[in-house]
Amino acid sequence: MTRRRPSSSPKAVIFDLDDTIINTNRRRAWHRTLSEFERRLPAHDVMDVAAAIADAADAFWADPENNKRWGLSIPEGRRFLVEGVLANLGVRDAGLPGDLMTEFSKGRDDDLVLFPGVRETLEQMSADGIRLAMLTNGSSEMQRRKISRFELSAQFEHIQVQEEFGTGKPDPAAFRNVLEVLDLQVDEVWMVGDHLELDVAAAQNLGIFAIWHDHKGSGLPSGNRIQPDHIVTAIPELLSLAGLGS
């Protein structure tokens, strides 16, 4: 889906990680977890509760203030939002949130998958001389585990994790450091991410061409004021945008 086309191919592309390169599969993860506790949710359908938590998580992490507060302590932020959802549903089992967190973490890595065509897209970009960087918020332990699992390190010239660098998106310093490491100017790079404020607006504020990964294909939210420079629903769409072969 096009908003505007760039004037030229980029010298480098900066990628977000979660829900840009890796599909976090929140809804599937919560359904898996809640299925183990169906007897403790007698008045509720597990699918409905899983959807409620996944939707709440999408909204929760879309808020930059929640990212700022909980970005380096995601399990604690996750428990906070789950407690709120269960309370709103009238679930009064005080021990359930803690038990859910324990079960959720057991299979969480198995829930994660690369989006279709990601690896091939990264390989094609590299083969055509486009340099790759990753800019991700979150803790070092959590993000590096994902990067290692999917063997992404070799495909990126620079990987910058919030906890390791000391600040993350939307702080301009995080973006500027990537540019400094790559020795490139704002008009020579693209930013690709799923978060309209942290990835898109923050990059645009510096003059970077910003691409929104609408991986759900749902379009821009109602009332949204952020206008991405370009929208893709699948990562391989970046190849044609950059004028590369598929």
Side-chain angles (χ1 to χ4, degrees), residues 15-63 66-67 69-89 91-119 122 134 136-156 159 161-164 168 193-195 213 215-218 234-235:
F15 284 90
D16 170 52
L17 180 60
D18 295 319
D19 288 318
T20 298
I21 290 175
I22 293 175
N23 185 349
T24 61
N25 277 322
R26 286 194 183 107
R27 192 167 299 230
R28 185 178 75 177
W30 281 112
H31 182 255
R32 167 186 58 77
T33 300
L34 288 160
S35 294
E36 300 295 321
F37 296 90
E38 193 166 5
R39 64 180 177 79
R40 293 170 67 176
L41 295 162
H44 300 279
D45 182 85
V46 166
M47 287 288 289
D48 291 341
V49 179
I53 294 177
D55 290 344
D58 287 344
F60 185 85
W61 296 114
D63 186 336
N66 286 335
N67 272 274
R69 179 179 179 184
W70 302 103
L72 297 181
S73 53
I74 288 176
E76 289 82 0
R78 185 180 292 138
R79 176 166 180 151
F80 175 79
L81 76 89
V82 167
E83 287 175 342
V85 171
L86 293 179
N88 288 338
L89 292 174
V91 178
R92 304 304 177 191
D93 185 336
L96 185 56
D99 293 341
L100 287 175
M101 293 304 99
T102 299
E103 183 65 28
F104 183 88
S105 65
K106 287 181 182 178
R108 187 64 181 120
D109 285 351
D110 293 335
D111 298 318
L112 307 176
V113 295
L114 288 180
F115 280 109
V118 162
R119 198 173 300 281
L122 298 177
M134 183 189 295
T136 178
N137 284 3
S139 69
S140 179
E141 188 276 332
M142 183 176 291
Q143 300 307 79
R144 290 289 176 181
R145 186 173 69 243
K146 298 171 192 172
I147 291 165
S148 175
R149 180 189 167 191
F150 292 104
E151 300 179 336
L152 293 170
S153 294
Q155 296 187 280
F156 287 89
I159 294 176
V161 180
Q162 177 185 8
E163 185 177 40
E164 296 170 1
D194 72 294
H195 199 294
H213 184 202
H215 59 90
K216 294 181 180 179
S218 55
I235 290 299

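Scope of the values below: all heavy atoms of this structure, side chains included, with no hydrogens, waters or symmetry mates.
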Asks: For the backbone of Asp111 and the side chain of Asn25, can you confirm whether one donor and one acceptor N or O come within less than 3.5 Å of each other?
Replies: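 Side chain of Asn25 to backbone of Asp111, a donor-acceptor pair under 3.5 Å: yes, one is there.
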
Asks: Nearest 0.5 Å, what's the CZ-CG distance between Arg32 and Asp110?
Replies: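 These two atoms lie 7.5 Å from each other.
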
Asks: Please check: side-chain N/O of Arg144 versus main-chain N/O of Val161, any donor-acceptor pairing under 3.5 Å?
Replies: no

Asks: Does the His215 side chain pair with the main chain of Asn23, one donor and one acceptor, at a distance under 3.5 Å?
Replies: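 No: the side chain of His215 does not pair with the backbone of Asn23.
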
Asks: What donor-acceptor contacts under 3.5 angstrom involve side-chain atoms of residues 48-58, with partners at least two apart or in another chain?
Replies:
unit_1, atom_1, unit_2, atom_2, d
Asp55, OD1, Arg27, NH2, 2.6
Asp58, OD1, Arg26, NH1, 2.6
Asp58, OD2, Lys216, NZ, 2.4

Asks: Keeping Asn137 on the side-chain end and Gly168 on the backbone end, is there a donor-acceptor pair under 3.5 Å?
Replies: no

Asks: What is the distance from atom OG1 of Thr136 to atom CD of Glu164, rounded to the nearest 0.5 Å?
Replies: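 Here the rounded value is 10.0 Å.
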
Asks: Determine the interplanar angle of the Phe156 and Phe15 rings, folded into 0 to 90°, and report it as parallel if under 30°, tilted if 30 to 60°, perpendicular if over 60°.
Replies: perpendicular

Asks: Rounded to the nearest 0.5 Å, what's the gap from OG1 on Thr24 to CG on Asp19? Could you check?
Replies: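 Thr24 atom OG1 to Asp19 atom CG measures 3.5 Å (nearest 0.5 Å).
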
Asks: Quick one: CG on Asp194 to CG on Leu17, what's the gap to the nearest 0.5 Å?
Replies: 10.0 Å

Asks: Please report the closest heavy-atom contact between Leu152 and Leu122, naming both atoms and the distance.
Replies: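 Smallest heavy-atom distance, with atoms named: CD2-CD1, 4.4 Å.
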
Asks: Between atom CZ of Arg78 and atom CZ of Arg108, what is the distance when rounded to the nearest 0.5 Å?
Replies: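 Atom-to-atom, Arg78:CZ and Arg108:CZ are 6.0 Å apart.
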
Asks: Taking distance alone, no hydrogens or angles, what donor-acceptor pairs closer than 3.5 Å link side-chain atoms of residues 95-104 to residues at least two apart or in another chain?
Replies:
unit_1, atom_1, unit_2, atom_2, d
Asp99, OD2, Arg40, NH1, 2.7
Asp99, OD2, Arg40, NH2, 3.1
Thr102, OG1, Gly98, O, 3.2

Asks: Using modelled atom types only, decide if a donor and an acceptor are shared between the side chain of Glu163 and the backbone of Ser140 within a distance under 3.5 Å.
Replies: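 Checking the backbone N and O of Ser140 against the side chain of Glu163, a donor-acceptor pair under 3.5 Å is found.
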
Asks: Between Asp16 and Thr20, which heavy-atom pair has the shortest distance, and what is it?
Replies: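 It is OD2-OG1, 2.8 Å.
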
Asks: Please report the shortest heavy-atom distance between Val82 and Trp30, naming the atom on each side.
Replies: CG2-CH2, 3.6 Å

Asks: Please check this pair: side chain of Asn67 against backbone of Trp61, looking for a donor-acceptor N/O pair closer than 3.5 Å.
Replies: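 Checking the backbone N and O of Trp61 against the side chain of Asn67, a donor-acceptor pair under 3.5 Å is found.
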
